[in-house]
Protein chains: 2
Amino acid sequence: MREDDAYRAAAMYYLQDQTMEVIAGTLGVSRSTVSRLIKAARDEGIVRIALRRPSGTGADLGHRLAATFGIMAHVVPVRERASEVQRLEQVAMVAAGLVTDWVQAGMVIGVAWGTTVTAIARHLTPSPARGSVVVQLNGAANTFAGGVTYAGDLVSSIATAFDSTPHLFPVPAFFDFAETKEAMWRERSIRRVLAVQRRVDLALFGVGALAADVPSHVYNAGYLDDAEMAELAADRVVGDVCTVFLREDGTYRDVAINARATGPTPHELRTLGRRVCVAVGAAKVPALLGALRARVATDLVTDEATARLLLEHLHRESVAG
Amino acid sequence: MREDDAYRAAAMYYLQDQTMEVIAGTLGVSRSTVSRLIKAARDEGIVRIALRRPSGTGADLGHRLAATFGIMAHVVPVRERASEVQRLEQVAMVAAGLVTDWVQAGMVIGVAWGTTVTAIARHLTPSPARGSVVVQLNGAANTFAGGVTYAGDLVSSIATAFDSTPHLFPVPAFFDFAETKEAMWRERSIRRVLAVQRRVDLALFGVGALAADVPSHVYNAGYLDDAEMAELAADRVVGDVCTVFLREDGTYRDVAINARATGPTPHELRTLGRRVCVAVGAAKVPALLGALRARVATDLVTDEATARLLLEHLHRESVAG
DNA sequence: AACCATCGTGCACGAACGTGCACCGCCGCC
DNA sequence: GGCGGCGGTGCACGTTCGTGCACGATGGTT
């Protein structure tokens with residue numbers, strides 16, 4: 001009843017662009033109520049506002065990225081002087097819109113966790129997809145107490161947006177001993193989650209950068225100690241995708257720590273349908289490059305600045321090497 | 001450059017909901033300019049506002065229609081007391097939004113012509129689909145001069161919205177002699193259009209009602225003379241789809257005039273991918289029923305009132321019969 | 001029955017927005 | 001070089017919108 005009026009009001013307002021006064025007349029309520037109805041319509045996801053990137057800017061960068069890495073690139077135009085957090089916000093909003101467009105009833109949506117995915121989650125508007133499932137891709141419980149809650153909240157907030165069932169993955173980001181992981185991987189409770197993960201139709205993840213100015217969530221939340229960080233550096237690791245570490249050339253198999261990591265490897269990711277990688281920031285460029293070379297993504301969402309840096313980085317490398 | 005600013009302004013306004021004042025600050029222009037940029041973004045289709053029908057109302061009607069006819073039903077909630085023209089506008093806007101969502105690069109879009117399709121065209125916002133084609137499904141030139149222009153304008157305005165190539169169908173709605181049609185159908189120029197029509201991925205059409213209060217475009221524009229109208233009535237014809245006449249039970253093959261009609265028959269329509277039928281109004285109910293029974297549509301867009309009438313009509317019929 | 005909590009609604013005011021008008025820089029033309 | 005048209009911009013004004021507040025209805029509790 002109420003939702004219905006909200007729909008009607010929103011339709012008249014956004015599609016017909018009538019003034020709220022007029023709408024109030026037809027609906028037989030006061031103008032303020034109409035204002036509230038329309039606000040409600042927005043909040044409840046009845047109204048969906050999407051922006052199409054104008055063909056001009058970014059299109060060129062997008063094509064080059066697409067050609068180079070065999071992906072769909074979504075390059076968001078942003079003011080040059082905008083701060084990285086602003087740019088992340090913008091990109092996250094666009095990514096949220098794209099994901100909303102892509103999600104369908106019955107889909108299995110896999111999500112990693114981290115600053116980027118959190119930002120996207122914040123901008124998701126409700127858009128129910130009947131029978132869909134949101135599954136956490138990599139473990140997140142850390143040695144402190146907060147971890148489970150953090151990733152758990154993230155997964156369930158995303159699940160709420162799509163009105164789908166959340167599946168948490170109650171394991172640490174990294175085991176201390178590879179044998180523990182192997183043991184756990186034989187447990188039925190874990191196998192159930194792993195089975196859902198393998199059915200993911202739409203995976204959503206960022207990339208973590210080892211050498212970030214604003215250190216990525218993974219690296220400063222107590223998941224890794226100093227010795228491990230040193231080991232990674234010595235191994236020429238530049239970042240991670242779903243807490244699996246990568247080098248700039250896209251290799252990862254012989255990185256020791258990965259045997260103890262809980263996220264899907266690039267190899268495993270590649271069996272999934274659509275893999276959406278979202279990344280913003282100069283610091284992430286090497287890690288992003290590694291990720292793209294490991295072919296973890298089918299879609300990349302980034303901003304102009306990062307896209308440009310990525311291509312420049314690639315160019316410099318090819319000149320030097 | 002300008003489009004780009006429009007995009008940025010629209011992004012900040014609609015996604016971040018910043019005030020225009022703030023946006024003016026970041027963009028370094030006056031607030032008025034921002035207002036104009038955002039208006040431009042809307043007009044140029046950079047901003048796309050879509051409404052999701054709330055699960056409550058109409059969903060039930062939608063499900064029943066879906067179950068009964070094996071289609072996807074999109075039932076638009078509208079005030080009961082709204083006039084039929086208002087309801088058509090509403091539905092046309094929703095249909096325009098849906099079509100915009102569905103159109104992809106490289107698609108072949110087939111359109112009929114008539115009041116309904118015209119209304120939809122009026123509400124299409126630009127959304128370029130690279131390499132797409134819009135093809136006219138049925139002839140429109142009438143015995144007077146205006147016909148070609150009318151349908152031609154319609155087709156090209158739709159083509160403009162999708163930035164695609166228009167293909168006109170330069171034949172009358174009905175030939176006077178079936179032999180002429182057969183002769184024309186052997187002409188290469190016509191065969192080319194027919195070939196495009198067969199590749200249609202998304203067909204868009206209304207239904208014409210023979211007994212309309214507001215007579216459908218087809219029936220009062222001089223396409224048919226009194227004798228022909230009488231013939232149709234005697235034949236229990238209730239309306240048409242793409243100028244092919246149907247009875248309420250969905251039969252059409254033995255309607256004599258159809259041998260002279262230029263639109264695709266239901267049988268031919270059924271070979272196409274997505275067929276979107278849009279219809280509003282009590283008068284259209286029998287014709288719509290015939291169309292659905294002839295399985296011409298995969299998707300139906302209508303309003304609550306028409307949907308309800310349709311189901312009631314069906315029910316009365318089953319009780320009576 | 002009286003009371004209170006809660007919710008929804010309308011009113012009123014300040015903030016935000018759209019647009020006619022005047023101005024300015026640019027360009028082509030005389 | 002002066003001049004007039006023109007696209008674009010900012011200013012100012014009237015309109016439209018968001019929201020705190022108070023009021024009345026409703027339903028549950030003592």
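Quick note on labels: first sequence line is chain A, next is B, and so on, each numbered from 1.
Remark: B/Arg36 pairs with no residue by the salt bridge (Lys or Arg N to Asp or Glu O under 4.0 Å) rule, at least two apart or across chains. Taking the side chain to side chain contact (heavy atoms under 4.5 Å, CB included) definition, one finds that B/Thr68 meets it with B/Leu311, B/Leu314, sequence neighbours left out. Partners of B/Ala203 by side chain to side chain contact (heavy atoms under 4.5 Å, CB included), not counting sequence neighbours, listed by chain and number: B/Leu137, B/Val200, B/Phe205, B/Leu272, B/Arg275. Residues satisfying the side chain to side chain contact (heavy atoms under 4.5 Å, CB included) test with A/Thr125, not counting sequence neighbours, are A/Arg48. Contacts of A/Tyr14 classified as side chain to side chain donor-acceptor pair (under 3.5 Å), with partners at least two apart in sequence or in another chain: A/Arg42. Every residue meeting the side chain to side chain contact (heavy atoms under 4.5 Å, CB included) condition with A/Ala119, not counting sequence neighbours, appears here in chain and number order: A/Leu88, A/Glu89, A/Ala92, A/Arg122. B/Ser157 meets the side chain to side chain donor-acceptor pair (under 3.5 Å) test with no other residue; sequence neighbours excluded. Among residues two or more places apart in sequence or in another chain, the salt bridge (Lys or Arg N to Asp or Glu O under 4.0 Å) test is passed with B/Arg274 by B/Asp299.
Of all the residues in residues 34-49 of chain A, A/Ser35, A/Arg36, A/Lys39 reach under 4.0 Å from DNA chain D with at least one non-hydrogen atom. Shown for residues 10-22 of chain B: residues whose heavy atoms fall under 4.0 angstrom of DNA chain C, namely B/Tyr13, B/Thr19, B/Met20.
Here ring pair (Phe, Tyr, Trp, His ring centres under 6.0 Å) pairs that include residues 15-43 of chain B, with residues two or more places apart or in two chains, number zero.
Along DNA chain D, the stretch of nucleotides lying under 4.0 Å from any heavy atom of chain B spans, 5' to 3', D/dT9 to D/dA12.
Looking at heavy-atom distances under 4.0 Å, B/Thr33 makes contact with sugar-phosphate atoms alone, never a base.
Residues B/Arg308 and B/Glu304 are paired through a salt bridge, judged by an N-O separation under 4.0 Å between the basic side chain and the carboxylate.
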